[in-house]
Structure formats: structure tokens, C-alpha cells
*Asks:* 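I'd like to ask some things about the structure below.
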Amino acid sequence: MISVKNLSYSYKTAKAQTKALDNVNLEIKKGEWVAVIGPNGSGKSTLARHLNALCLPETGTVTVEGMDTRLPEMIWKIRQKVAFVFQNPDNQLIATTVEEDVAFGPENLGFSPKKIKERVFYALQAVGMEEYRESAPHLLSGGQKQRVAIAGALAMNPDYLVMDEATSMLDPQGRQEVLNTLKNLNENLGLTIIYITHFMEEVVFAHRVVVMESGKIKTMGTPREIFSQGDDLVKMGLDVPEITLLAGKLAKKGWLKKGDILTLDEMVESLCQLR
Amino acid sequence: MSIEVKNLSYIYMPGTPYEKEALKNINLTINYGDFIGLIGHTGSGKSTLAQHLNGLLKPTKGSIIIDGADLWLKKHPSRDICRKVGLVFQYPEHQLFAETVFEDVAFGPRNLSFPEHKIPDLVEHSLTQVGLNYHEYKDRSPFALSGGQKRRVAIAGVLAMQPDVLVLDEPTAGLDPAGRKEIIRLIKRFYQKGKTVVWISHNMDEIARLANRLIVMYRGTIFMDGIPQEVFSQEGELKKIGLDIPAAASLVRKLKEMGKPLPGKAITVEDAYLEIAKWMERKGK
């Protein structure tokens with residue numbers, strides 16, 4: 001479990017101080033898929049960066065499996081447990097082949113060559129990129145690059161994976177590839193996923209959605225609960241998925257029993273049930 | 001008045017092992033008043049085509065003709081012609097460089113030798129167009145603004161050159177929903193003044209609401225060119241080349257396939273609502 005307690009954090013410059021997180025409390029259980037949404041500047045990334053000690057609390061605490069991120073001797077253990085994939089695929093691949101790139105993490109952790117090979121093979125297989133192990137990363141598509149970045153994280157055998165807007169630079173196919181990969185990792189390997197995004201359609205996959213505003217957790221719930229408060233989300237500068245938007249309009253007219261529909265298939269089903 | 005693209009081919013890094021034909025014999029006319037959605041898989045040639053429209057890239061073969069004038073007749077394209085086509089790159093805020101918002105927006109028109117006494121008005125007008133108050137923002141550092149504001153300053157820098165055509169390469173990528181809406185609003189305003197827009201996007205829902213013409217690219221060629229309703233009716237063809245259709249279009253098509261009595265032509269949530277409403281009203285009688 002990751003436990004965030006009374007966490008506050010400010011960015012400081014010579015002139016000003018901006019409060020990025022304001023008394024945040026959150027628990028993330030193993031095996032969960034938690035989506036974090038919120039307008040730009042609401043503190044999503046700052047919160048994420050606290051989960052593996054890239055940022056340290058100003059006040060309050062963050063613990064990963066009981067390890068306090070403020071203790072320097074815990075940092076490397078924590079970073080092995082909580083892996084990160086960032087927005088721009090081109091900024092995080094460093095080696096000349098896919099295999100070497102994925103090996104970077106386990107090499108740094110001091111694994112034996114045999115174990116490194118095993119980890120690399122396992123990780124590439126888990127994201128469906130084993131065929132590309134000798135390819136040059138820069139020749140891959142955006143979706144493939146992000147899958148390699150995920151493999152690089154998996155090779156360290158983490159329990160938690162933080163995706164910080166990791167699909168925002170991909171085309172629809174690339175996004176789908178990444179989402180399918182994550183779904184598989186979450187369902188079949190029990191990997192915990194913390195997923196930051198601006199795409200409301202991607203939130204639908206999560207078990208739980210955390211909505212942030214001005215450094216605070218504004219509300220939390222299942223995607224259905226969150227998107228049924230569509231008007232509040234729009235007021236905050238967020239949105240609801242297109243299908244949910246349509247369902248809301250139809251429900252107002254009484255043509256749908258409930259407006260909290262998230263996917264196309266659900267919508268077809270509910271419309272066809274009506275007599 | 002128009003932009004004509006004739007037999008355009010472009011090869012990246014010719015004569016090297018990385019040689020790649022990014023555009024293959026493209027023929028296309030962009031008419032003034034078009035709001036074109038340019039879509040296609042990553043690597044299909046959208047951005048390469050866009051960068052030809054204002055002379056940033058020189059065709060390997062073929063020509064670009066703006067209002068009857070061939071851009072590459074001489075060694076360098078004429079500034080007066082290129083100015084007519086404003087190009088907003090992907091993540092344009094990465095190109096902000098000046099110390100103040102004013103200096104950044106003024107850079108383009110100064111470079112085009114607009115008279116200095118006209119610059120303040122131009123900057124003020126451009127910032128107003130993107131919804132930023134001139135007096136509030138002109139002296140601020142562009143780097144201290146939010147992501148959405150930075151992007152609007154970058155777009156203002158292009159608008160300050162007073163283009164007739166605006167080409168935008170994924171202008172809403174990476175913004176939050178509110179930021180996206182702001183950009184869409186300002187581009188709509190630009191279009192409503194009788195100008196032309198070419199909008200590159202991966203977001204089909206967004207494109208369906210905005211464009212009155214869709215150009216679909218695939219491996220350096222034009223795969224489809226037509227009104228959005230027509231293009232999005234070819235779901236199978238689009239899926240084959242890695243594209244999708246808007247969620248609303250998928251829904252009404254699926255209902256129609258199941259034998260429900262609706263036209264199945266909607267591509268936006270608003271139109272899907274109308275189709276379903278008609279069906280429900282008939283059922284109610």
C-alpha cells in the first residue's frame with residue numbers, strides 16, 4: 001500500500017511560493033487502478049512525484065509499503081517498487097537498442113547478468129515487444145516507445161506503475177496499445193496503476209478516480225460515480241466522455257433510465273432494452 | 001483564391017540509408033473558406049504536408065501555388081506570399097523565447113518588416129484574439145504562464161503576421177479540457193472572419209465538430225478527401241489504416257446495424273442525440 005497523509009508541498013522561487021499540494025490524504029492499495037484527473041496546475045503531477053520520492057513532503061508523510069520517502073536510505077528501494085513513465089517517449093529512452101534500454105534499470109540495481117537477461121525478456125514479453133528487442137528505439141512508433149518505457153519499468157519488478165500523461169503525445173492506435181498493455185498488466189500480473197490523464201475516455205478503465213483541484217482532492221469515486229457529476233466536472237474545467245455526455249442528454253428526456261453510461265456497448269444495451 | 005498543391009513529393013534525407021519518401025505525388029486544392037481536418041496515423045505525412053504550405057520545406061518534386069503564385073519559382077519563396085499562411089507547430093510553446101509576451105508576439109511582424117509604429121497595435125490585436133488582455137500580459141515573461149496560456153501566446157505570434165490561412169499541427173495536444181476548449185473557441189472565431197483553417201488532429205470527436213472537409217492521409221498519399229459525414233461513413237476503411245470514427249458515429253451506426261430505425265449518419269453527439277430522439281419519439285406514439 002502507498003499511504004499519503006496530510007501531504008503539503010510548495011514550489012518556491014526567489015520571489016514567490018506556490019502551494020501545489022494542500023493537505024492531501026490518499027491510500028492506494030496493491031492491485032488497484034487509480035486514475036487522477038484535474039485541470040492543469042491542480043497538483044496531479046506533483047502528487048505523483050511524491051509517490052517515488054522524486055519530490056519530498058514539505059509537511060505530512062508518504063509511505064510505500066511502510067517505507068517513509070523522507071528517509072534517504074529507503075529511496076532506492078522505494079524507486080524500485082514505484083516506477084514511472086513520463087509524457088514524452090523521446091525523453092526517456094536512452095540506449096541504442098530496445099533490449100539495452102530495458103536492461104538499464106536492472107543493471108543499475110546490480111542484478112547478475114543472467115537475472116538481467118531474464119528480467120528483460122520477461123518485461124518485453126509482458127508488453128508484447130519481444131520481437132523488437134534488437135530494434136533502435138528511435139525507429140519505433142510512439143505507442144511502441146511507451147511500451148518499451150513500461151518494459152523498462154517492469155524490468156525492475158515494481159509493484160506500482162505511475163503513468164504521468166503517458167499517452168498524451170500518442171495517436172489513437174498508440175493510446176489503445178498502451179491501454180491494452182496496462183489492462184493486461186493490471187488484471188493478470190496484479191500491477192498497481194496510478195494513471196494521470198486529461199483524456200476522460202481513458203479514465204473509464206480505472207477502479208477509482210481521484211479528482212484534484214487547486215492542490216486538494218476534490219472528490220473520489222468509481223468512474224461511474226464521478227462522471228454522474230458531469231456538470232461539476234465541467235465547472236472545474238474538466239469534461240465527461242462523449243458517450244456519457246450523450247447519455248446525460250437522453251436521460252434528461254427520460255429515454256434512458258440512467259445517465260451514468262460509460263461505454264458504447266453499455267449505451268447500445270440500455271437503448272435496446274427500452275420498449 | 002486558393003492554395004494548390006501539384007504533384008508534390010518529398011524525400012527526407014535523400015541519398016542516405018535513412019532516405020524516406022514522406023509524400024508521394026500529392027494533388028490538392030485548399031479553397032479559402034475551408035475548415036479542413038487533416039487526419040492520419042503517425043508518420044502518414046500530415047506534418048510534412050503542412051510544412052510545405054508556407055514554404056518551410058522545399059518540394060523534392062512538384063509545386064505549391066498560393067493565389068496563383070508558385071512559391072518555389074525563385075530560389076527562395078517570397079515572404080509576402082508565405083506570410084499569408086500561418087503555421088502553428090506541435091507544442092508551439094516550446095518555441096517561445098523572448099523576455100516578454102510583447103517581444104515574443106512582435107517577433108514575426110518585425111521580421112516581415114512591418115512598420116515599427118504599427119507593431120503595438122498588431123500585438124494588442126493578436127493577444128485579444130487569443131483571449132489574453134494586452135495590458136495585463138504584455139510585460140510578463142511567457143515562461144511564467146500556464147501551459148494553455150503559453151500556447152495561446154505562441155498562436156498570437158502567428159496571428160500577428162496577419163495570415164489568411166492558419167495551419168495548426170495538433171493544437172490541442174497535451175492541454176486539459178478547459179485549455180482545449182479555449183483553443184477551439186479562438187480558432188472558430190478566426191474562421192468566422194472568413195479565413196481558412198487546416199487543423200491536424202488525432203481527436204476524431206473534435207474534428208467531427210469543427211471541420212467541413214476531411215483529408216485522410218496514409219503512407220504519404222491522400223487516402224480520402226470529402227465532407228466529414230462521407231469520410232466517417234467508411235468505418236472499415238479507416239480502421240484498416242489505424243484510424244477510428246467519432247464515438248457518436250460508432251453508436252448510431254451500431255444501432256442501425258442492429259435494425260433500429262435511424263439514419264446512422266450522425267458524427268457528433270448533438271446529431272446522434274437528434275437521431276435517437278426521433279427514434280424514441282416515434283416509438284412513444
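Per chain, numbering begins at 1; letters A, B, ... match sequence-line order.
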*Asks:* Would you mind checking which part of A:Met236 comes under 4.5 Å of any heavy atom in chain B, side chain (CB onward), backbone (N, CA, C, O), both or neither?
*Replies:*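 Contact with chain B is absent: no heavy atom of A:Met236 under 4.5 Å.
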*Asks:* Is any residue of residues 247-259 of chain B within less than 4.5 Å of chain A by heavy atoms, and which ones?
*Replies:*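 Contacts with chain A: B:Ala247, B:Ser250, B:Leu251, B:Lys254, B:Leu255, B:Met258.
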*Asks:* Using heavy-atom distances under 4.5 Å, tell me whether B:Thr42 contacts chain A through its side chain, its backbone, both, or neither.
*Replies:*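 Interface part for B:Thr42: both.
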*Asks:* Could you please spell out the steps behind the ring pair (Phe, Tyr, Trp, His ring centres under 6.0 Å) verdict for B:Phe89 and B:Tyr91?
*Replies:* CA-CA 6 Å; B:Phe89 286 100; B:Tyr91 295 88; over 10 Å; no
*Asks:* Do any of residues 204-224 of chain B have a heavy atom less than 4.5 Å from a heavy atom of chain A, and if so, which, in residue order?
*Replies:* B:Asp205, B:Arg209
*Asks:* Can A:Ser8 and A:Asn23 be counted as having a side-chain donor-acceptor contact under 3.5 angstrom?
*Replies:* no
*Asks:* Taking the six-membered ring of A:Phe205, is NZ or CZ of A:Arg175 closer than 6.0 Å to its centre and within 45° of its axis?
*Replies:* no
*Asks:* Report yes or no: do A:Glu202 and A:Thr197 form a side-chain donor-acceptor pair below 3.5 Å?
*Replies:* yes
*Asks:* Please report, to 0.1 Å, the donor-acceptor pairs under 3.5 Å made by any side chain of residues 139-153 of chain A, with sequence neighbours excluded.
*Replies:*
from, atom 1, to, atom 2, distance (Å)
A:Ser141, OG, A:Gln144, N, 3.3
A:Ser141, OG, A:Gln144, OE1, 3.4
A:Gln144, OE1, A:Ser141, N, 2.9
A:Gln144, NE2, A:Tyr132, OH, 3.2
A:Lys145, NZ, A:Asp90, OD1, 2.7
A:Gln146, OE1, A:Gln92, NE2, 3.2
A:Gln146, NE2, A:Phe86, O, 3.0
A:Gln146, NE2, A:Gln87, O, 3.4
A:Gln146, NE2, A:Ala166, O, 2.8
A:Arg147, NE, A:Val127, O, 3.2
A:Arg147, NH1, A:Glu177, OE1, 2.6
A:Arg147, NH2, A:Val127, O, 3.4
A:Arg147, NH2, A:Gly128, O, 3.2

*Asks:* For B:Tyr273, is the NZ or CZ atom of A:Lys249 found under 6.0 angstrom from the centre of its six-membered ring and inside 45 degrees of the ring axis?
*Replies:*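 Output yes; distance and angle both within limits.
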*Asks:* Under a 4.5 Å cut-off applied to non-hydrogen side-chain atoms, are B:Ile245 and B:Ile267 in contact?
*Replies:*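 No; the side chains remain at least 4.5 Å from each other.
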*Asks:* Given that the side chain runs from C-beta out, which part of A:Leu170 has a heavy atom under 4.5 Å from chain B: side chain, backbone, both or neither?
*Replies:*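 Backbone only.
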*Asks:* B:Thr100 and B:Asp139: side-chain donor and acceptor closer than 3.5 Å?
*Replies:*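 On atom types as modelled, these side chains do not qualify, holding no pair under 3.5 Å.
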*Asks:* Other residues, nucleotides and ligands only: do more than 12 of their heavy atoms fall within 6.0 Å of NZ on A:Lys218?
*Replies:*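 Atom NZ in A:Lys218 is not packed in, count stays at 12 or less.
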*Asks:* Tell me which of these, A:Gln173, A:Glu242, A:Glu201, A:Glu165, has more heavy-atom pairs under 4.5 Å with chain B than the rest.
*Replies:*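 Between A:Gln173, A:Glu242, A:Glu201, A:Glu165, the count favours A:Glu242.
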*Asks:* Any salt bridge (Lys or Arg N to Asp or Glu O under 4.0 Å) involving residues 91-100 of chain B? Give me the pairs, sequence neighbours left out, ordered by first then second residue.
*Replies:* B:Glu93-B:Arg151
*Asks:* Given 3.5 Å as the limit, does a donor-acceptor pair link the side chain of B:Asp104 with the main chain of B:Ala98, or not?
*Replies:* yes
